[in-house]
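Order of the sequence lines fixes the chain letters, A, B, ..., with proteins taken first and strands second; residue numbering starts at 1 for each chain.
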4 protein chains.
Amino acid sequence: MKRIAVLTSGGDAPGMNAAARAVVRKAIAEGMEIYGIQHGYAGMVAGEIAPLDSRSVGDKISRGGTFLYSARYPEFATLEGQLKGIEQLKKFGIEGVVVIGGDGSYHGAMRLTEHGFPAVGVPGTIDNDIVGTDFTIGFDTAVNTAMDSIDRLRDTSSSHRRTFIVEVMGRHAGDIALWSGIASGADQIIIPEYPYDINQVVENINTGFVNGKNHHIIVLAEGVKSGTEFAEDLKAAGYEGDLRFTDLGHTQRGGSPTARDRVLASRLGARAVELLKEGIGGVAVGIQDEEIVTSPILGAAEEGALFSLGEDRQIIVNNPHKADINLIKLNEALSV
Amino acid sequence: MKRIAVLTSGGDAPGMNAAARAVVRKAIAEGMEIYGIQHGYAGMVAGEIAPLDSRSVGDKISRGGTFLYSARYPEFATLEGQLKGIEQLKKFGIEGVVVIGGDGSYHGAMRLTEHGFPAVGVPGTIDNDIVGTDFTIGFDTAVNTAMDSIDRLRDTSSSHRRTFIVEVMGRHAGDIALWSGIASGADQIIIPEYPYDINQVVENINTGFVNGKNHHIIVLAEGVKSGTEFAEDLKAAGYEGDLRFTDLGHTQRGGSPTARDRVLASRLGARAVELLKEGIGGVAVGIQDEEIVTSPILGAAEEGALFSLGEDRQIIVNNPHKADINLIKLNEALSV
Amino acid sequence: MKRIAVLTSGGDAPGMNAAARAVVRKAIAEGMEIYGIQHGYAGMVAGEIAPLDSRSVGDKISRGGTFLYSARYPEFATLEGQLKGIEQLKKFGIEGVVVIGGDGSYHGAMRLTEHGFPAVGVPGTIDNDIVGTDFTIGFDTAVNTAMDSIDRLRDTSSSHRRTFIVEVMGRHAGDIALWSGIASGADQIIIPEYPYDINQVVENINTGFVNGKNHHIIVLAEGVKSGTEFAEDLKAAGYEGDLRFTDLGHTQRGGSPTARDRVLASRLGARAVELLKEGIGGVAVGIQDEEIVTSPILGAAEEGALFSLGEDRQIIVNNPHKADINLIKLNEALSV
Amino acid sequence: MKRIAVLTSGGDAPGMNAAARAVVRKAIAEGMEIYGIQHGYAGMVAGEIAPLDSRSVGDKISRGGTFLYSARYPEFATLEGQLKGIEQLKKFGIEGVVVIGGDGSYHGAMRLTEHGFPAVGVPGTIDNDIVGTDFTIGFDTAVNTAMDSIDRLRDTSSSHRRTFIVEVMGRHAGDIALWSGIASGADQIIIPEYPYDINQVVENINTGFVNGKNHHIIVLAEGVKSGTEFAEDLKAAGYEGDLRFTDLGHTQRGGSPTARDRVLASRLGARAVELLKEGIGGVAVGIQDEEIVTSPILGAAEEGALFSLGEDRQIIVNNPHKADINLIKLNEALSV
């Protein structure tokens, strides 16, 4: 290939810029031309496409957000949208595309490839819920941001026996809650992947205070329920003490990426370019056991494909991401 | 005086530790003994009092929260509570006390002094709403914490035309909103001290998008109304775009204090000790026009006292703190 | 005036971008056109001048460095350089200029104004050594950066009785050393404005260890001597313990500006535009006792001018900046 | 075992506190008593040993440094030192010990076990140069600290064509240089494990400037040579431009640990306790391919032991840690 493009798609994540920078620089180093597509698939269809050079991504590695802008664009699920997108890309002489984003972005990449237009997926989302990789770009930063906020909350342990519910992001995956909870020494961590008994939660709070704790911090993944609902449940279950609630909200999506996210983004972005250069599309890159790996996006589970098609052509996730339940048990031991 | 004590009272603030450290070290440097009272006035009455030495406050200058613990204790407004407190202090041979906290803390200090027990107030609160000082200990840190969070929110400007409402602390004073808003380049700042027209707010949002802005950030002081209520108002006034809400919450109270808060805390804490050494109580220290100043807590307005008593002995604030309205106008010019 | 320009000059400082943003936005709000000059006076002479709009400075408030680039350009001290600069400005229809920088930058602004071309100075430097202002833009950030580094050094107090010399910036002014030293609880602070006795320094170290300190941190302003020289002096004066040296170096110049620097930059930048709008040049803005003030750059000392000309036309600084020596004494008390 | 102890040894690293906290809490959760040994092996021999409880490690997870203090103590290499240490431990009824530290610490743990006293090693050092683990506790934090500093240096890119040499820690391993260099977008990275040609380094600088770069950052691992020596080499090889040097120094050892270091420390500390509970000593824990693993400290290379004894009983490192050279090549591509 002589000319490729890069876009970011879905909810933005710290490190997307670092990944896009890696794609740009690696493409140039490999002798290819590189274009940027703004606003994800929406911009692809609309033709928001322009050439990038090495200087375009200068100083971008340290920036949060994405200079290419991201967008959700459900319309790309239609054949019409996909063909329009390819038409636009061809107009610019583009032969392959790197898509940085989440699950939905992968589906788009898969469709492009099916239509003969090679696309490679790069996992970018704070939630860490993408198949085919141990860690997504943005996860480490989000965990550190959440941890810093929880550290701050622990500072204000001025009152006796205050309980804090801290709601963190993670619609389907409890990873941010798990990691930031352990890292900040949370007293309890509640995630969608692991059942909890609200009466036991209350008992743990009370036992903690009896054992001399000054405060009690519960980290709650948004996928379980909202913090206000959880607070109601606690009261309904008999908790009578001081109770505060904080939703860390969109701050978790921003900020300068951590070193780990920048290095991961650099490695994955560069690998995606190598694949396109070899003419390979329809795959996603990831990191597994500290190695950079490549997986087919669609195919048979036995071949390591991330998704399969069911009988009625619905998408099946072959090896759904699972939060590491051992970490929940670890935290139970460490929060005595 | 040969032996004095220090306590922290009310909502905690970053820099309270730095102030307490300054009190401890300065007292020792002046040849006095120094005791710490835990949990504010409640601990005073309960006798939670113990000697401190120079090493007790080692490495405390950089810590958020307060190692003396703070507490609200409305019971100290009663004569009985005050006399019990003095009794406890005398039991430990303590002759004067430094009170680090907000308005309520000052009232306690005033009562102690009236009963012949000299007490000096040091302004510690993130809200910057204490009379007799341009800046309170903790304000600069809270502003920087809020600013960092708003910076992160601006990173996630992935979608076109998203409006963010960011609720920051400040029940009576808009200072945190004003300063963090200007510092983060907020598009609009809404504070209790300055009227706003909800229709104008909506128009400003729309005009901004027409002028090419990608996002619109409104910083809202909690004293105006809650962010969810404000969001309802926006919609009722006709705003139809993407609208997100974040409450920065208690994270604003925590964190390692900024240099400015640490230096201010060091200066004020040391000055409070000098006053007690001279036998002076019933006053509060502060910074005005970059000078450390002392004001009587109770007295005539003409004498510079912070509070006066009205005809029916209710407390009158003589020169209520006011947010700098010029900053609102400055931001209107800078958010074009 | 209908069209003005802005440049940054001298060593760069965090907050220069915030100041330039304020100049740009305020000019637009006042109905003026605004141009940016790159690389300071050098770029002025070379004609590196281009129009800016409101979006040009979007997201710039939080960035370290200066997007206009700064440069030192001693050639601007010559009449030839100045006239060439004015010629270029007139070519672009520019009628006034805001100069953000240090002392040298002010001299240039003064010359431009003398030649009939109004220029206003805005104090931007981390050293806090500019006359006519209590604080310069960048100082607060540099102090916090130095403080954070010293906090880190204190963490590594793993060994008994280790002495750290930390060299911070400040060629002529000890302000960074003083403020970061007090803020980080340094054991000793050595600045150019205050004499020290090397034997006393050694004695203080030894006394500290006898009194139970685990480590001893000396913050040294570069204007005194280099840290390596100071270490030699300590050894020559008989210090025999473990001795480490760290020069915080250029990291102090970078980083996202603090809230205080951003607010100060916003206020000063906006004020400079107001002055130009009224046709006023040859002045510098500053903050004194928390008020925004204006001072003539050149003139009689009695009229509040920052500089006078001596008999042989050499420049005399009328009220040279002085570090607050009280802070040194405060730290002596607090480092017991 | 009913009673175990924990110590930190060697150069301190962020996350040592988190590891020690995990040891303490996990031991309690397993029904064991736990003691802390201060100042490493020196304190073991001197009997600086005291019981810890759950509250002793409250709020310690976020602190840099080590509350147990660390120390280097070469005397522990002698049989006499080891037996004295065991004698002290037995006096306190201690039956096993967790040693958090570097290579030297492992040798001590190995000797203790040989004398019938089970000891388990936990890898704590910023250098990432310990065998038996992909990552050491403290490495991630040090990398982020170095990256933040380099980000700051890049901000001050005010002058054209300035070259910065940034010296980072790493006596034998280039990992900190590699990771922080890639993460900060360094132009060149020089490490001990990979040869460089000084003439090529100069050529790369010059090419970069020709290609439009404003600055050139070289990250240098201290194990190669000092930054001042390297600067001399650059000049000797013909580099004539502006050249600055910064040694990040001991700031890299401090600071609040990152989430990743805290989670890693928590997992490894807890695992070490499980091993002691089963009566297992003479092993070290680590993380490999994201799994927690255990390796014999001394033994045959085929059995996965970290060290073997040579014919004359000198210690042989079986699988010496190697920096990932692919990262060097990645950076070459990305710094175009």
Side-chain angles (χ1 to χ4, degrees), chain A residues 18 21-22 24-26 28-30 53-55 57-62 134-135 140 143-148 151 154-155 157 178-180 182-185 211-214 256-263 266-267 269-270 273 288-292 324 326-327 330-336, chain D residues 18 21-22 24-26 28-30 53-55 57-62 134-135 140 143-148 151 154-155 157 178-180 182-185 211-214 256-263 266-267 269-270 273 288-292 324 326-327 330-336:
Chain A
R21 167 189 178 267
V24 170
R25 295 273 176 93
K26 178 70 173 178
I28 293 168
E30 296 288 340
D53 64 16
S54 184
R55 294 289 79 71
V57 291
D59 283 349
K60 287 283 182 289
I61 196 170
S62 64
D134 291 342
F135 296 105
D140 191 58
V143 167
N144 277 282
T145 301
M147 177 190 79
D148 284 344
D151 279 355
R154 294 169 81 226
D155 280 344
S157 61
L178 260 183
W179 282 70
S180 67
I182 291 177
S184 59
N211 289 346
K213 291 192 180 194
N214 268 319
S256 182
T258 59
R260 198 157 187 102
D261 270 334
R262 297 189 197 180
V263 171
S266 299
R267 295 172 78 181
V273 170
Q288 285 177 358
D289 298 346
E290 297 297 326
E291 291 290 323
I292 303 303
D324 184 352
N326 291 320
L327 292 179
L330 172 64
N331 203 57
E332 284 171 5
L334 300 191
S335 59
V336 293
Chain D
R21 167 189 178 268
V24 169
R25 294 273 177 94
K26 179 69 174 179
I28 293 169
E30 296 287 341
D53 63 18
S54 186
R55 296 288 79 73
V57 292
D59 283 349
K60 288 283 182 288
I61 197 170
S62 63
D134 291 342
F135 296 105
D140 191 59
V143 168
N144 277 282
T145 301
M147 177 190 80
D148 284 344
D151 279 354
R154 295 169 79 226
D155 280 342
S157 60
L178 259 183
W179 282 70
S180 67
I182 290 177
S184 59
N211 289 347
K213 291 192 180 195
N214 267 319
S256 181
T258 59
R260 200 160 185 98
D261 271 335
R262 296 188 197 182
V263 172
S266 299
R267 295 173 78 181
V273 170
Q288 284 178 0
D289 297 346
E290 296 297 327
E291 292 289 324
I292 303 302
D324 183 353
N326 290 322
L327 292 179
L330 173 64
N331 202 58
E332 284 171 6
L334 301 191
S335 59
V336 291

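With a 4.5 angstrom heavy-atom cutoff, A/L178 does not touch chain D via any of its atoms. Within the 4.5 angstrom heavy-atom criterion, only side-chain atoms of A/D324, from C-beta onward, approach chain D. Of the atoms belonging to A/S335, it is backbone heavy atoms, and not side-chain ones, that fall under 4.5 Å from chain D. Interface remark: A/L330 contributes side-chain atoms only to the contact with chain D (heavy atom separation under 4.5 Å). For A/A18, no part lies under 4.5 angstrom from a heavy atom of chain D.
With a 4.5 Å cut-off on side-chain heavy atoms, A/E290 and D/Q288 do not count as touching. Taking the side chain as every heavy atom from C-beta outward, D/L334 and A/R267 never approach each other to under 4.5 Å.
Side-chain atoms of D/N144 never come within 3.5 Å of backbone atoms of A/T258 as a donor-acceptor pair (strictly under, hydrogens ignored). A donor-acceptor pair under 3.5 Å is absent between the side-chain atoms of A/R25 and the main chain of D/N331, judged by distance alone.
By the side-chain hydrogen bond (donor to acceptor under 3.5 Å, both in side chains) test, A/D151 pairs with D/R262, sequence neighbours left out. Considering only residues two or more places apart in sequence or on other chains, D/R21 meets the salt bridge (charged side-chain N to carboxylate O under 4.0 Å, His left out) condition with none of them.
For the atom pair A/D155 CG and D/D59 CG, the distance stands at 7.5 Å (nearest 0.5 Å). Interatomic distance, OG of A/S54 versus NZ of D/K213, reported as 6.5 Å (0.5 Å rounding).
Ranked by non-hydrogen atom pairs under 4.5 Å with chain A, the options D/E30, D/R260, D/E291 are led by D/R260. Interface summary for chain A: among D/E332, D/R55, D/K60, the most heavy-atom pairs under 4.5 angstrom belong to D/R55.
Residues A/P257 and D/M147 come closest through the heavy atom pair O-CE, 3.6 Å.
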